[in-house]
Trainee: 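I have a structure here, written as structure tokens, and I will follow up with some questions on it.
Atoms considered below: every heavy atom in the structure, side chains included; atoms not considered: hydrogens, waters and symmetry mates. Note on naming: letters A, B, ... go to the chains in the order of the sequence lines (proteins, then strands), and numbering restarts at 1 for each one.
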Number of protein chains: 2
Amino acid sequence: MNVTALEEYGLRCAVQLASLPEGKTLSAPDIAEREGLSIEYVSKFMLLLKRAELVRTVRGIKGGFALSRQPAEISLKEVLDALNGRKKAGSEFCKSFTGKSEACVRFGSCSIRPFWDLLSGYVEEFTSRMTLADLIRPEEEIRDKTSSIASDHVGQMRNRELRS
Amino acid sequence: MNVTALEEYGLRCAVQLASLPEGKTLSAPDIAEREGLSIEYVSKFMLLLKRAELVRTVRGIKGGFALSRQPAEISLKEVLDALNGRKKAGSEFCKSFTGKSEACVRFGSCSIRPFWDLLSGYVEEFTSRMTLADLIRPEEEIRDKTSSIASDHVGQMRNRELRS
DNA sequence: TTGAAACAATACTTTTTTGTACGGATTTTA
DNA sequence: TAAAATCCGTACAAAAAAGTATTGTTTCAA
């Protein structure tokens, strides 16, 4: 379980836009300069973010990129999904199975699937509730928010237990 | 953030061994058969698990693999780490930076690093406290344990807040 | 003692990911 | 209107991951 390059660098570029004054844009060369990446590589991320409609663009000289919504209205999950192109996480593996068998071997009782599901469920919730606005605040301020997310997650799991 | 093939399939093979009666071994062909994977591929996983000393082997005809410890004494983190060969997670990215800059551009205030750190911290805790024994129990029984892990995690984060 | 079945290890092929290059379209500005 | 700077898009190259093949070593059992 690891972070892809697209996720890492794409998110950084998005954060650059988030820290921009309202109405301003930032060009690919500018972003590349600030993040120490190549212009071409940055352009690749931005195209993905644009296609996901998270970013708007201004063409021509003096053009550039800006977020299409307020930083606080864009979850990190949206950004990461845009960059990842919908990746198989957790139990999605069961479908994209590489083995010879027609489907996953474990039908009745599979405890690996729910394990990945629970883990990726937490990750999804975490990234859904964190926004770009959270990432342009000083480091210390993040902990409060993450703490409350984890706390809620426990509550939800307890509810699920009761229902089942 | 996604699960690698080695993690997924390697873990499945480990679970096969975990569900084995004490003292028994399972051969690579057997495991391959049960999981619908090629024998060669299974051998690759098992070699990694053996090198991490999570698995002991018996050579020769009638040989095979078995866990070197009790399933309850082997955390999923150990298994996943053995399969992953120590992967850069979260803020490790700062070191293995691909950009032109000598180091990560963000020195003073970086809120992306602590974001990944918090997320991967939870993942680590989750996988550290789940064991192979947990994965050979029926699906439903897992929730109790995961719930308490998440609960503890919140507690730890709150403590960290207090200390800082 | 010899053959079969298993682990051990490495090398190889294929696929995916990562990162670059380049030609075309758009808009500003001189 | 023409040059310059930008976005747009695809094609390409390099590296890593995924998966296969092969050869060697060990052990059991006939």
Trainee: Ring centroids only, cut at 6.0 angstrom: are A:Y122 and B:F126 within range, meaning strictly under it?
Mentor: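 That pair fails the under 6.0 Å test.
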
Trainee: Without swapping roles, check the side chain of B:S68 against the backbone of B:E53 for a donor-acceptor pair under 3.5 Å.
Mentor: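 Indeed, once roles are kept as given, a pair shorter than 3.5 Å links the two residues.
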
Trainee: Just how far, in rounded Å, is P of D:dA18 from CG of A:N2?
Mentor: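 From A:N2 CG to D:dA18 P: 9 Å.
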
Trainee: Judged by each residue's nearest nucleotide on DNA chain D, which is more toward the 5′ side, B:G60 or A:L47?
Mentor: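 With A:L47 and B:G60 compared, the 5'-side residue is A:L47.
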
Trainee: Taking only the side-chain nitrogens and oxygens of A:T57, find out if one of them lies under 4.0 Å from OP1 or OP2 of D:dC8.
Mentor: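 The answer is yes; a side-chain N or O of A:T57 sits under 4.0 Å from OP1 or OP2.
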
Trainee: How many whole angstroms separate atom NZ of A:K50 from atom P of D:dC7?
Mentor: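 To the nearest whole Å, that distance equals 11 Å.
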
Trainee: Could you state the CG-C1' distance from B:L26 to C:dA5, rounded to the nearest angstrom?
Mentor: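 Distance check: B:L26 CG to C:dA5 C1' gives 15 Å.
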
Trainee: Start at the 5' end of DNA chain C and walk down; is the nucleotide closest to A:E40 or to B:R51 reached first?
Mentor: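 The residue mapped nearer the 5' terminus is B:R51.
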
Trainee: 5'-most contact on DNA chain C: A:K62 or A:K44, nearest heavy atom basis?
Mentor: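 Its nucleotide being nearer the 5' end, the pick is A:K44.
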
Trainee: Check every atom of C:dA5, C:dA8, D:dC7 against the side chain of B:I61 and return the nucleotide holding the closest atom.
Mentor: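 The nucleotide sitting nearest to the side chain is C:dA5.
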
Trainee: Rounded to the Å, how far apart are B:D30 CG and C:dC7 P?
Mentor: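 Whole-Å distance recorded here is 8 Å.
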
Trainee: Given atom CG of B:L48 and atom C1' of C:dA9, what is their separation to the nearest angstrom?
Mentor: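 Roughly 12 Å, once rounded to whole Å.
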
Trainee: Quickly work out the B:I39 CD1 to D:dT22 P distance and round it to whole Å.
Mentor: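 It works out to 14 Å between those atoms.
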
Trainee: For A:S43 and D:dC8, is the shortest distance between a side-chain N/O and OP1 or OP2 below 4.0 Å?
Mentor: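 Indeed not, no polar side-chain atom of A:S43 lies that close.
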
Trainee: Report the distance from atom OH of B:Y41 to atom P of C:dT15, rounded to the nearest whole Å.
Mentor: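 In whole Å, C:dT15 P and B:Y41 OH are 14 Å from each other.
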
Trainee: When you measure from the side-chain N and O atoms of A:S38 to the phosphate of C:dT20, is any distance below 4.0 Å, counting only OP1 and OP2?
Mentor: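 Yes, A:S38 has a side-chain N/O under 4.0 Å of OP1/OP2 on C:dT20.
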
Trainee: For the side chain of B:S75 and the backbone of B:M130, is there at least one donor-acceptor N/O pair under 3.5 Å apart?
Mentor: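 Checked: no pair found.
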
Trainee: Rounded to the Å, how far apart are A:L37 CG and C:dT18 P?
Mentor: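 One finds 13 Å between P of C:dT18 and CG of A:L37, rounded.
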
Trainee: Between atom CZ of A:F115 and atom CG of B:L76, what is the distance when rounded to the nearest 0.5 Å?
Mentor: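 A:F115 atom CZ to B:L76 atom CG measures 4.5 Å (nearest 0.5 Å).
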
Trainee: Looking at the side chain of A:R59, which of C:dT20, C:dG24, C:dA6 is the nearest nucleotide?
Mentor: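 Ranking C:dT20, C:dG24, C:dA6 by closest atom to the A:R59 side chain puts C:dG24 first.
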
Trainee: For A:T131, is there any backbone N or O sitting under 3.5 Å from a side-chain donor or acceptor partner on A:D134?
Mentor: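 At least one qualifying donor-acceptor pair exists.
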
